[in-house]
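Below you'll find the structure, written out as structure tokens, and then a few comments.
Each residue takes its place number in the sequence, starting with 1. Numbering of ligands and ligand atoms starts at 1, following listing order.
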Amino acid sequence: MLDIRTLLIIDDSAADRKIYRRYLLKDPHQSYQILEADCAEEGLALCQKVPCDVILLDFCLPDMSGLELFDQMQQEIFNTSVPVIMLTGRGDEEIAVQVMKRGALDYLVKQHLTQDVLQLAVRNAIRQSSLQAQLIKTQERQRLIATTALRIRQSLNLEQILNTAVAEVQQLLKCDRVMVYQFAPNTDGKIVASSVEPFCTVAVCDRIEAGDNGTKRQGDRVLITREDFSQSPIPYIYELGLCNCVSLKEQFNTKANLVVPINLSNNGNPTPKLWGLLIAHHNSGERQWQTDDVEMLNEVSVQLAIAIQQAELLAQTQAALAKEKQLNIFKSQIIATVSHEYRTPLTSILAAASTLVKHSQQLDESKQQRFLGIIEQKTRYMSKLVDNMLLVNQLELEKPEFKPIALDLLQFFSDLIEQERETAGDRHELIFKITGNNQDFWGDRGLLQQIFINLMSNAIKYSPDGGTVEFHLVGKESEVIFYIKDQGIGIPIADQENLFQSFSRGSNVDTIPGTGLGLAIAKACVELHGGNISLSSEVGQGTKVTVSLPKISPTGQLSPSST
Ligand code: ATP
Ligand code: MG
């Protein structure tokens, strides 16, 4: 079907108007709604009232010249080019040329006017004026998009970028709400920015117009997945609902949303990485999204993707820098520790070894054994120090993999306590108490062993006068708690805060050896389990260190009995 165009004839000759009307209505390529005016005043009034696609204007009118009327129309009505074809008499071409220079689309000499000439001229004028209008609109759109892009890309902070983007797009499209939905690694996702208050996390769409998984019919409920969008670059128009928020779901269910993907470039891979969605939403009235709206939203989404990528790169660089800095601090600490902590045992080893080398003839068997014992003990200490430093380095900087297995905690801790009893000697009494439900626990054996050994060795080491060391295991529904309690030297309050940091030691350790790494190792191991560690202590009374670990299965779910 042809579009109907509105055409206004301003001519004082009724006979001429009739001819033009007849010619134009016979045009097989274009349909017209034709309006007529026989003087300038009436013509002006009409084109003020009705938007005209084209005007046929006689050069000579009773109340004004065609040129004057043209000027007036240009000033008062049309802010862009005037869609006018001037009709002149023979010999008046000069006037026509003047009008053309001022922006008229064409002129025709009345005496030469045939049906074909008129039809063609009017059709051309319509096409030219709509192209001009399109061009102006495109320029305006580009200007708006450029301004929007500039504002979005002014920041390198992701949150700020997203908030600016939604506010700017809302202005650009003049719609009720704009949202950015970000996919999580597991195809789920959440709204990360909204031009109105944030509202929900998961979106469901009602209608997909086309998709590689087959066309979905209106009314089908499907979750928007990463695949839905990455399979095709065409933006879909979704009816978007919210699955876990009933009132909002109702509010959004029937309203049209315009959704375009936010695609990031993918390390030279031709398939972009689907980061999220840019969603424009309009509530009030029946808004029909236009191709223009889709294009604008798509262009903004490209700019947004660039801004997101830059922000992510910056964040990565900052993280790498922070890690580098941490590594440098750690290296300095290693150098300080090596020079400090290694010197004392090395001096002892050296002295014992020299004595043995120089005076072994004069030393009896038991003295020789004592010196060898010193060498062995100090070497073990140094070896432990190296191991601990490497372990802390790995835990703090590389975050080792957490490999949980189902553990029988009773058996596990009984074995460990037994080993401690063998090495602890008679001065300390080790007590083991268990209560509650300790079933269904998944943990990493190696990490748990580190936690236990470090806490238990502290309890024994910092109780030089002996006493009881209690180990309590308390099973709860969704977590297990254990604590180790001694009657040792305790820790001054002022020191307690920093003890979980590497190389931190209490001010009251005196000559008790240690490197200040055990608690840092224990804390990192507890955190890999998703748990917590804390201590309470009083100088001269003793210390209690408490660890709580959630009962989590390898899939990350709470274990069945705890749900
Ligand atoms: P190591 O690396 O050999 O374990 P360390 O025992 O000094 O050395 P941490 O286990 O990290 O290091 O403990 C840090 C500090 O906390 C200790 O130096 C000590 O001052 C204090 N501390 C830890 N546990 C106890 C405890 N049970 N009683 C008293 N002080 C303790
Ligand atoms: Mg220790």
Worksheet entry | Minimum-distance protein heavy atom relative to atom 6 (O) of ligand 1 | Y462 OH, 2.8 Å

Practice prompt. Look at the side chain of Q182 and the backbone N and O of G276, then say whether any donor-acceptor pair between them is shorter than 3.5 Å.
Written response: no

Discussion item. Using modelled atom types and a 3.5 Å cut-off, is there a donor and acceptor pairing between side-chain atoms of Q170 and backbone atoms of V178?
Written reply: no

Practice prompt. Using atom types as modelled and distance alone, determine if a side-chain donor or acceptor of Q496 lies under 3.5 Å from a backbone N or O of I491.
Written response: yes

Discussion item. Looking at E470, is its backbone amide N or carbonyl O close enough to the side chain of T468 to form a donor-acceptor pair, meaning the two atoms are under 3.5 Å apart?
Written reply: no

Worksheet item: Relative to each other, are the rings of F452 and F471 parallel, tilted or perpendicular (30° and 60° limits)?
Response: perpendicular

Response to the item:
In terms of its nearest heavy atom to atom 20 (O) of ligand 1, the top option of A459, S502, G506 is G506

Worksheet entry | Side-chain donor/acceptor of K551 to backbone N/O of K476, under 3.5 Å | yes

Discussion item. Main chain of L430, side chain of R421: is a donor-acceptor contact present, judged purely on distance under 3.5 Å?
Written reply: yes

Item to complete: Check whether any N or O atom of G518, backbone or side chain, sits under 3.5 Å from an N or O atom of ligand 1, and answer yes or no.
Response: yes

Worksheet item: Any idea which protein heavy atom is nearest atom 11 (O) of ligand 1, and the distance to it?
Response: L519 N, 2.7 Å

Discussion item. If I apply the N/O under 3.5 Å rule, does R505 come out as touching ligand 1?
Written reply: yes

Item to complete: Using distance alone, determine whether I491 and ligand 1 share an N or O pair under 3.5 Å.
Response: no

Worksheet entry | V509 neighbourhood, listing ligand 1 atoms whose heavy-atom distance to it stays under 4.0 Å | 18 (O), 19 (C), 20 (O)

Worksheet item: Counting only heavy atoms, which portion of I521 has something under 4.0 Å from ligand 1: side chain, backbone, both, or neither?
Response: neither

Worksheet, complete the sentence: protein heavy-atom neighbour closest to atom 21 (C) of ligand 1 works out as L499 CD1, 3.9 Å

Worksheet item: Side chain, backbone, both or neither: which part of T543 has a heavy atom under 4.0 Å from ligand 1?
Response: side chain

Fill in: Check: V469 main-chain N/O paired with D486 side-chain donor or acceptor under 3.5 Å
no

Response to the item:
ligand 1 to G514, heavy atom cutoff 4.0 Å, flagged ligand atoms 3 (O), 7 (O), 8 (O)

Item to complete: Could you check atom 27 (N) of ligand 1 against the protein and tell me its nearest heavy-atom contact, residue, atom and distance included?
Response: D486 OD2, 2.8 Å

Item to complete: Check each of K485, K384, K544 against atom 3 (O) of ligand 1 and report the one with the nearest heavy atom.
Response: K384

Worksheet entry | Distance from atom 2 (O) of ligand 1 to nearest protein heavy atom, with residue and atom | T515 OG1, 2.7 Å

Discussion item. Applying side-chain contact (heavy atoms from CB on, under 4.5 Å), can you list everything that pairs with L321, at least two apart in sequence or on another chain?
Written reply: none

Practice prompt. Begin with the C-alpha distance, continue with both residues' side-chain angles, and end with the deciding distance and a verdict on side chain to side chain contact (heavy atoms under 4.5 Å, CB included) for I262 and Y181.
Written response: CA-CA 9 Å; I262 303 169; Y181 181 90; over 6 Å; no

Worksheet item: Going by heavy atoms, is G488 under 4.0 Å from ligand 1?
Response: no

Worksheet item: Can any side-chain N or O of H281 pair as donor or acceptor with the backbone N or O of D176 at less than 3.5 Å?
Response: no

Worksheet entry | From CD1 (I349) to OH (Y381), nearest 0.5 Å | 11.0 Å

Worksheet item: Going through the distances and angles, do E324 and N328 end up as a side chain to side chain donor-acceptor pair (under 3.5 Å)?
Response: CA-CA 6 Å; E324 188 71 12; N328 278 337; 4.8 Å; no

Fill in: ligand 1-proximal atoms of S504, by part, heavy-atom distance under 4.0 Å
backbone

Worksheet entry | Option set S463, G516, P513, criterion heavy-atom distance to atom 12 (O) of ligand 1, minimum | G516

Fill in: Polar atom proximity, N454 to ligand 1 (N or O, under 3.5 Å)
no

Worksheet item: Of all the non-hydrogen atoms in the protein, which one sits nearest to atom 10 (O) of ligand 1, and at what distance?
Response: N458 ND2, 2.8 Å

Worksheet item: Is the distance from the Mg ion (ligand 2) to some N, O or S atom of N458 under 2.8 Å?
Response: yes

Practice prompt. Show which atoms of ligand 1 fall inside a sub-4.0 Å distance from at least one heavy-atom site of N388.
Written response: 2 (O)

